Amino acid sequence: MERGGKKHLRIAGILEIAVGVISILAIQFLLQSDADGAAALTDKEAKGALAHLALLYGANGFKILAGLIGICLANKKSVLTVICGGLLFLAQLIGFLQVGDDIVQIVINIVLLVIPYYYLHNAVKNFKG
């Protein structure tokens, strides 16, 4: 018997991996482009920037890990994929709620919110059977 959501959970896993990798590459690109004309930071600003950078890398690393988990466990009834999907969706929802008035950022965050919802929806569908 075919598990419901199996194929779509794999697709969602691949999308999460792609978003994570693209985000990490974008961070690297932005860090390199800022290095040429970067202003000196105070110690407090540098620690804050490092903390934000670690958070960004950690969040995107989790997207990649969750994508791999979704792909690997698509054939099984797994609560782990449901938990990962919930965490992915919650993290992106928090990011969406922090967006200001910039319409471009709002649209981008709406699109980025669809991907973890797609993952979560199919993880739940796969878990139910």
Side-chain angles (χ1 to χ4, degrees):
M1 183 175 150
E2 183 79 14
R3 296 203 75 71
K6 172 182 162 181
K7 175 183 170 186
H8 293 284
L9 182 57
R10 284 189 177 140
I11 293 169
I14 291 169
L15 289 173
E16 283 296 341
I17 292 169
V19 168
V21 169
I22 290 168
S23 296
I24 288 172
L25 292 174
I27 293 167
Q28 285 295 315
F29 175 75
L30 291 173
L31 287 174
Q32 289 173 356
S33 66
D34 274 354
D36 298 333
L41 296 175
T42 65
D43 191 39
K44 184 177 179 180
E45 290 171 332
K47 287 180 183 178
L50 181 61
H52 283 97
L53 190 60
L55 181 64
L56 283 172
Y57 277 118
N60 288 304
F62 178 70
K63 288 178 186 179
I64 294 168
L65 178 64
L68 291 171
I69 289 170
I71 291 169
C72 292
L73 298 179
N75 288 332
K76 299 177 181 167
K77 186 176 188 174
S78 171
V79 72
L80 182 59
T81 57
V82 176
I83 291 169
C84 286
L87 291 173
L88 287 167
F89 184 76
L90 182 63
Q92 190 61 47
L93 182 63
I94 290 169
F96 174 75
L97 295 174
Q98 293 178 350
V99 173
D101 294 336
D102 185 13
I103 190 72
V104 174
Q105 287 185 2
I106 292 171
V107 170
I108 289 171
N109 275 281
I110 288 172
V111 170
L112 290 176
L113 193 58
V114 169
I115 296 170
Y117 172 76
Y118 182 59
Y119 184 104
L120 177 60
H121 171 76
N122 289 295
V124 169
K125 189 174 176 183
N126 199 41
F127 181 72
K128 288 183 178 179

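This one's a predicted model, so the numbers in the text were calculated from it and none came from an experiment.
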Between the CG atom in Leu50 and the NE2 atom in His52, the distance rounded to the nearest 0.5 Å is 11.0 Å
Heavy-atom pair with the smallest gap, counting every atom of Tyr57 and Ile24: CE2-CG2, 3.8 Å
Where the side chain of Asn126 meets the backbone of Asn122, is there a donor-acceptor pair that is under 3.5 Å apart? no
Over all heavy atoms of both residues, which pair between Ala74 and Lys6 is shortest? Give the atoms and the distance, please. O-CG, 3.5 Å
To the nearest 0.5 Å, atom CZ of Phe62 lies from atom CD1 of Ile69 at 7.0 Å
Should Leu93 and Val99 be counted in the same cluster of Ile, Leu, Val, Met, Phe, Trp and Tyr side chains packed under 4.5 Å apart? yes
Same apolar cluster: Leu97 and Ile108, side chain cutoff 4.5 Å: no
Take Leu90 and Ile94 through the side-chain contact (heavy atoms from CB on, under 4.5 Å) test and state the conclusion after the steps. CA-CA 6 Å; Leu90 182 63; Ile94 290 169; 4.1 Å; yes
Check whether any side-chain heavy atom of Asn60 sits under 4.5 Å from a side-chain heavy atom of Ile27, and report yes or no. yes
Has Tyr119 got a side-chain atom pairing as donor or acceptor with Ala66's backbone, closer than 3.5 angstrom? yes
What heavy-atom pair brings Thr81 and Ser78 nearest, and what distance separates the two atoms? OG1-O, 2.9 Å
State yes or no: do Val19 and Val104 share one hydrophobic cluster built from I, L, V, M, F, W and Y residues joined by side-chain heavy-atom distances below 4.5 Å, directly or via other members? yes
Spatial distance of atom CG (Leu113) from atom CZ (Phe89) [nearest 0.5 Å]: 4.5 Å
Nearest 0.5 Å, what's the CG-CG distance between Asp102 and Asn109? 10.0 Å
Find the distance between SG (Cys72) and CZ (Arg10) and round it off to the nearest 0.5 Å. 9.5 Å
Examine Leu112 and Val107 and state if one hydrophobic cluster contains both, with Ile, Leu, Val, Met, Phe, Trp and Tyr joined whenever side-chain heavy atoms are less than 4.5 Å apart. yes
Closest non-hydrogen atom pair, Pro116 against Gln92: CG-CB, 3.8 Å
If you define the side chain from C-beta out and look only at heavy atoms, does anything of Leu120 sit under 4.5 Å from Leu88? no
Would you say the side chain of Val82 lies within less than 4.5 Å of the side chain of Lys77, judging by non-hydrogen atoms? no
pair Leu25-Val21: side-chain heavy atoms closer than 4.5 Å: yes
Return the set of residues passing side-chain hydrogen bond (donor to acceptor under 3.5 Å, both in side chains) with Tyr117 (not counting sequence neighbours), or none when no residue passes. none
Shared hydrophobic cluster, Ile64 / Ile14 (ILVMFWY, side-chain heavy atoms < 4.5 Å): yes
Please report the interatomic distance NZ(Lys76) to CG(Leu9), rounded to the nearest 0.5 Å. 13.0 Å
